[in-house]
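Lettering of chains follows the sequences in order, A, B, ..., and the numbering in each one begins at 1.
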Amino acid sequence: MPVAIGLIDANNFYASSEKVFDPKLSGRPVVVLSNNDGCVVARSAEAKQIGIGMGAPVFEVRSLIDRYGVEVLSSNYSLYADMSWRFQTVLEDFSPDIEHYSIDEVFMKMPLSSGRTLVETGREMRRAVGALTGIPVSVGFAETKTLAKVAIEHAKKSRKAGGVVDLVRSPYTDVALERLPVADVWGVGFRYAGMLEKQGIRTALDLKHADDNWVRKKMTVVGLRTVYELRGIQCIPFEPTPKAKQMLCVSRSFGARTGSLREIRAAVAFFTAKAAEKLRRNGLVAGRLTVFVATDRFKDDPQYSGSHTVSVAPKSASTIELMELAQRALEKAHRHGFLIRKAGVMLGDLELAGKAGGRLWEQDRYELHCRLMLAVDELNEKYGDGCIRYGVFPDAGVWRTKFEMRSPSYTTDWSQIMTAH
DNA sequence: TCTGGGGTCCTAGGACCC
DNA sequence: TCTGGGGTCCTAGGACCC
């Protein structure tokens, strides 16, 4: 049976999630900020309309915020993760073949021969998700993922489309491509867009007809795949089961710069504990650990960025063992005399804990470690993050991230549940 | 000083995504 | 004063081997 790719994407997802729970945000411009309340990472339709750009630093759009009374919120990831789970679960009723692509998007394989048209199915999806979660979504259908992205771009922009566009075997595909600036093609980022425009390739349609060899040379096989996908040839696979993680990373910009190695140590200890928790939550062990530090690239300060990688042998998910290695790696990565603004811990060579095999010695001690860690993870989950910690990382410190405008975690924390008056 | 071919593995850096 | 975090994939180049 012929199959189409469907793409369902939540509109302004973070801002929409906030609106679901706070009626006074309705009809108002809303923006959600990144960590440290630094940049705008999500905007409601009203906020887009008054010209607040994606990724804009808050201080640059301050005057717009004040002039229009924009609601400004720190990001609340536990709320968004929960809302994401909700709306994606509703969609599972429409096809068993679903790829949970990102927090606000799913790809689905849609059979073509059922009673109703894809556009009708898309409208039904919007209705169901809206009714059950309050989240508005857009829907696009096409022969490939890249074309489904094209479809959804138009679904979002066109009033006539009503939130759903179907480009499967459509005579309008080339029209849709011609109306799409090349920079808006999935897989074409800031750099490639500049390079392509210089070559006179300005629209998605131009890119579709670009010379294969030239594209291969300038944009590697990755770019060539995009071009093929625009031609309707599937190159980017549909992946219903998520791939095994290869790497995980915990990093933050600090609330302020610091030259104190003591403070950086505390930050790295905190990141390591977080990263190790993530490992255990996923049932993984790590074989490599990297610590990196960097100065503030927006300042005139002397710039430095350094990293150091150590191998973790035998592979481990023990916070205690990783902490030790991380501090050693930090010694190597760090250089005195610079004001550090950002640091992080990356874990690589990940493997399922069960597969990694036993240890030649001290197996007993490691197993004891694991049981202790699991107990600590549980307590932290139950009684709040950081209720039990390893070693010393002080509560206060310039490296702590700021969240000064966070909305309540309505759906994931009993103490913050909504109350009706 | 000139001077092979072919293969693997690793790393750093650059591009992209949400 | 104020500029996010967490990922993937590909390529080039170096080290090393026969």
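- Comparing C:dC10, C:dG5, C:dC2 by their closest approach to the side chain of A:Lys342 singles out C:dG5.
- Ion pairing of A:Arg43 with A:Glu18 is absent here, as no side-chain N (NZ or NE/NH1/NH2) approaches a carboxylate O to less than 4.0 Å.
- Under a cutoff of 6.0 Å and an axis angle of 45°, A:Arg359 and A:Tyr366 form a cation-pi pair.
- For the pairing with A:Tyr14, the side-chain contact (heavy atoms from CB on, under 4.5 Å) check across A:Val31, A:Ile103, A:Leu33, A:Asp104 returns one residue only, A:Ile103.
- Of the candidate nucleotides C:dT3, C:dG7, C:dC2, C:dG7 has the atom lying nearest to any side-chain atom of A:Cys249.
- In the set C:dG6, C:dG5, C:dC10, C:dC10 carries the atom at the smallest distance from any side-chain atom of A:Val222.
- The OH-C1' distance, from A:Tyr77 to C:dG4, rounds to 7 Å in whole Å.
- With respect to the salt-bridge test (charged N to carboxylate O, under 4.0 angstrom), the residues A:Glu71 and A:Arg28 qualify.
- Heavy atoms of A:Lys218 sit nowhere under 4.0 angstrom from any nucleic acid atom.
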Each nucleotide in nucleotides 13-18 of chain B should get exactly one letter: B, S or -. Can you fill that in based on protein heavy atoms under 4.0 Å? --SSSS
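- What separates CZ of A:Phe271 from C1' of C:dG6 is a distance of 13 Å, to the nearest Å.
- One finds no side-chain N or O of A:Arg62 lying less than 4.0 angstrom from the OP1 or OP2 phosphate oxygen of C:dT1.
- Comparing B:dT11, C:dG7, C:dC9 by their nearest atom to the side chain of A:Arg288 picks out B:dT11.
- Relative to the side chain of A:Gln246, the nucleotides C:dG4, C:dT3, C:dT8 differ in distance, and C:dT8 lies closest.
- Contact annotation: A:Arg225 side-chain N/O to C:dC9 OP1/OP2 distance is not under 4.0 Å.
- Between A:Arg126 and A:Arg123, every side-chain heavy-atom pair lies at or beyond the 4.5 Å cut-off.
- Taking atom CZ of A:Phe59 as the reference point, atom C1' of C:dG4 lies 14 Å away to the nearest angstrom.
- Salt bridge annotation for A:Glu331-A:Arg328: absent, with no cationic side-chain nitrogen under 4.0 angstrom from a carboxylate oxygen.
- Checking C:dC18 for Watson-Crick or G-U wobble geometry (two distances, each under 3.5 Å) identifies B:dG5 as its partner.
- The distance from atom CD1 of A:Ile236 to atom C1' of C:dC10 is 14 Å, rounded to the nearest whole Å.
- Listed pair A:Ser251 / C:dG4 fails the phosphate criterion, with no side-chain N or O lying under 4.0 Å from OP1 or OP2.
- Here the side chain of A:Val250 is nearest to one of C:dG6, C:dT3, C:dC10, namely C:dG6.
- In this entry the distance linking CG of A:Leu347 with C1' of C:dT8 reads 17 Å, nearest Å.
- The interatomic distance linking A:Leu224 (CG) with C:dT11 (C1') rounds to 15 Å, in whole Å.
- Both A:Tyr14 and A:Val221 lie near DNA chain C, and the one whose nearest nucleotide falls closer to the 5' end is A:Tyr14.
- If you take CG of A:Asn35 and C1' of C:dT3, they are 13 Å apart, rounded to a whole angstrom.
- Rounded to whole angstrom, the span from the CZ atom of A:Arg341 across to the P atom of C:dG5 amounts to 8 Å.
- Of the candidates C:dT8, C:dC10, C:dG4, C:dT8 carries the atom nearest the A:Met247 side chain, counting heavy atoms from C-beta on.
- Across C:dC2, C:dG4, C:dC10, the shortest atom-to-atom separation from the side chain of A:Lys299 is found for C:dC2.
- Comparing A:Arg297 and A:Leu248 against DNA chain C, the residue whose closest nucleotide sits nearer the 5' end is A:Arg297.
- The closest side-chain donor-acceptor pair between A:Tyr228 and A:Asp212 falls under 3.5 angstrom.
- In this structure, A:Asp349 does not pair ionically with A:Lys315, as no charged nitrogen and carboxylate oxygen lie closer than 4.0 Å.
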